[in-house]
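What you see below is based on every heavy atom in this structure, not just the backbone, and it leaves out hydrogens, waters and symmetry mates. Order of listing sets the numbers, starting from 1, for every ligand and every atom in it.
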Amino acid sequence: MSLPVLDISPFLDASSTPESRQQVAHSINHACTEFGFFYLTGHGIPQTKLEEIISLARQFFALPNEQKNGIKRHDAGLEGGDGARGYQGMGENVTQGKKDMHEAIDLYREWDHAPKTEGNGGRGTWSTLQGPNLWPDEPKELKPVYLAYIEQLQNVGTALVRAMGLALELPVPDPDSATTLETEDSEVFVRNTDQSFWVMRLIGYPKLSTPVSPDAPLSSLSCGEHTDYGCVTLLLTDPTPGALQVLLKDGTTWLNADPIPGAFVVNIGDMIERWTNGLWKSTRHRVIHRGEGYRVSVPFFFEPNFEAMVRPLGRCVDRSAREAIHGGSTYGEHLLEKVFGNFY
Ligand SMILES: O=C(O)CCC(=O)C(=O)O
Ligand SMILES: [Fe+2]
């Protein structure tokens, strides 16, 4: 058994036929209903570029701790800190109250919603999430290469959520009637991600040394079991097999989501589950790296706009034949809860 493979190219190619798009949409509905996870090909980003992204992250993690801590994340209100952006050393990330065995840099869309509070002379103090990204000085090419990559990923994310709107059989937009952000047509996800408050994580995982045991404490995991909290995740990893594991619908079987060269591993997050009223569930997954070498992964979380109101879509509520699972809140409110709660 392995996860479905989907080719998104009909949604990136303006000359593709409606039939080819429908076919992709159909496969997405199947993949999201059965797994919440799939491989994505046809995204147009060359494999050499993907390899460069992994290699630059690997070069950063190989630097001495002292240098990595130069862009350390600090709590909001402390000099240079916004409680979210920057580098976290090994064991600083916490999932379900347990330390994860990884180190990471978190980058977010730059804050452009409200005036920033700048400090006098120093790096400034910031409200949560409102500081600037803390980019590494080394390797020097990391920042420009990642910025270009993030632009490309936003296009892929848009293509994907467009396909998802069709996959849910939401009505196609009526060109004669005005739409609002909350109009529930097949473009609803595209409109609510057009200023995506994206997150990019560069993650480094040392090989775990503790022995495998069924009741091993969660603290021995590379990244504890969780769902992703946003919209869709486009995950790029190095070739290490056996690390990322996905919980199947039976609720007990863990499937290895081993990387396919040139493809992203995609999964849906809690905001899609909420929008679809649970027709599509955000699937639990975890990382246990007991293989060889130092594993590097770079997930890109393509999220709703900060201000997007996320509540179950009427058609999905009808189709799911149950009450709305949530009363609605903005993505920003949801994210702030997650940041304050150390994420998962
Ligand atoms: O490193 C991976 O393969 C997955 C990481 C992950 O699930 C996450 O950062 O949310
Ligand atoms: Fe995840």
(Q) Taking 4.0 angstrom as the limit and counting only heavy atoms of Ile203, give me the atoms of ligand 1 inside it, by number and element. (A) 9 (O)

Q.
List the residues meeting ring-ring contact (aromatic ring centres under 6.0 Å, His included) with Phe37, not counting sequence neighbours, and say none if there are none.
A. His285

Q) If you count the atoms of ligand 1 from 1 in the order shown, which ones are under 4.0 Å from a heavy atom of Ser297? A) 1 (O), 2 (C)

Q: Just jot down the ligand 1 atoms closer than 4.0 angstrom to any heavy atom of His285, in number order.
A: 7 (O)

Q.
I'd like to know if the side chain of Asp106 and the backbone of Val199 have a donor-acceptor N/O pair within less than 3.5 Å.
A. no

Q) Is the distance between the ring centroids of Phe60 and Tyr87 less than 6.0 Å? A) yes

Would you list the atom pairs, donor with acceptor, under 3.5 Å between side chains in residues 147-165 and any protein atom, with sequence neighbours excluded?
residue : atom : partner : partner atom : Å
Thr158  : OG1  : Gln154  : O            : 2.9
Arg162  : NE   : Glu187  : OE2          : 2.9
Arg162  : NH2  : Glu187  : OE1          : 2.9

Q. Of all the atoms in ligand 1, which lie at a distance below 4.0 Å from a heavy atom belonging to Val287?
A. 1 (O), 2 (C), 3 (O), 4 (C)

Q) In His285, which N, O or S atom comes closest to the Fe ion (ligand 2)? A) NE2

Q) Do you know which N/O/S atom name in Asp228 is closest to the Fe ion (ligand 2)? A) OD1

Q. Is any NZ, NE, NH1 or NH2 atom of the basic residue among Arg85 and Asp82 found under 4.0 Å from an Asp or Glu carboxylate oxygen of the other?
A. yes

(Q) With heavy-atom distances below 4.0 Å as the criterion, list the atoms of ligand 1 near Asp228. (A) 10 (O)

**Q.** Arg295 neighbourhood, listing ligand 1 atoms whose heavy-atom distance to it stays under 4.0 Å
**A.** 1 (O), 2 (C), 3 (O)

Q: Verify whether one side chain among Thr17 and Ser20 offers a donor that lies under 3.5 Å from an acceptor in the other.
A: yes

Q.
Under 4.0 Å from a heavy atom of Phe301: which atoms of ligand 1 are those, numbered in the order shown and with their elements?
A. 8 (C), 9 (O), 10 (O)

Q) Aromatic ring centroids of Trp275 and Phe189 under 6.0 Å? A) yes

Q) So which bit of Leu235 gets within less than 4.0 Å of ligand 1, heavy atoms only: side chain, backbone, both or neither? A) side chain

(Q) Just to be sure I read this right, does ligand 1 sit under 4.0 Å from the backbone of Thr233, its side chain, both, or neither, counting only heavy atoms? (A) neither

Q) Can Arg315 and Ser320 be counted as having a side-chain donor-acceptor contact under 3.5 angstrom? A) no

Q. The Fe ion (ligand 2) to Cys223: any N/O/S contact under 2.8 Å?
A. no

Q: Please determine if Tyr205 has a nitrogen or oxygen closer than 3.5 Å to a nitrogen or oxygen of ligand 1.
A: yes

Q. Are the side chain of Asn133 and the backbone of Trp135 linked by a donor-acceptor contact shorter than 3.5 Å?
A. no

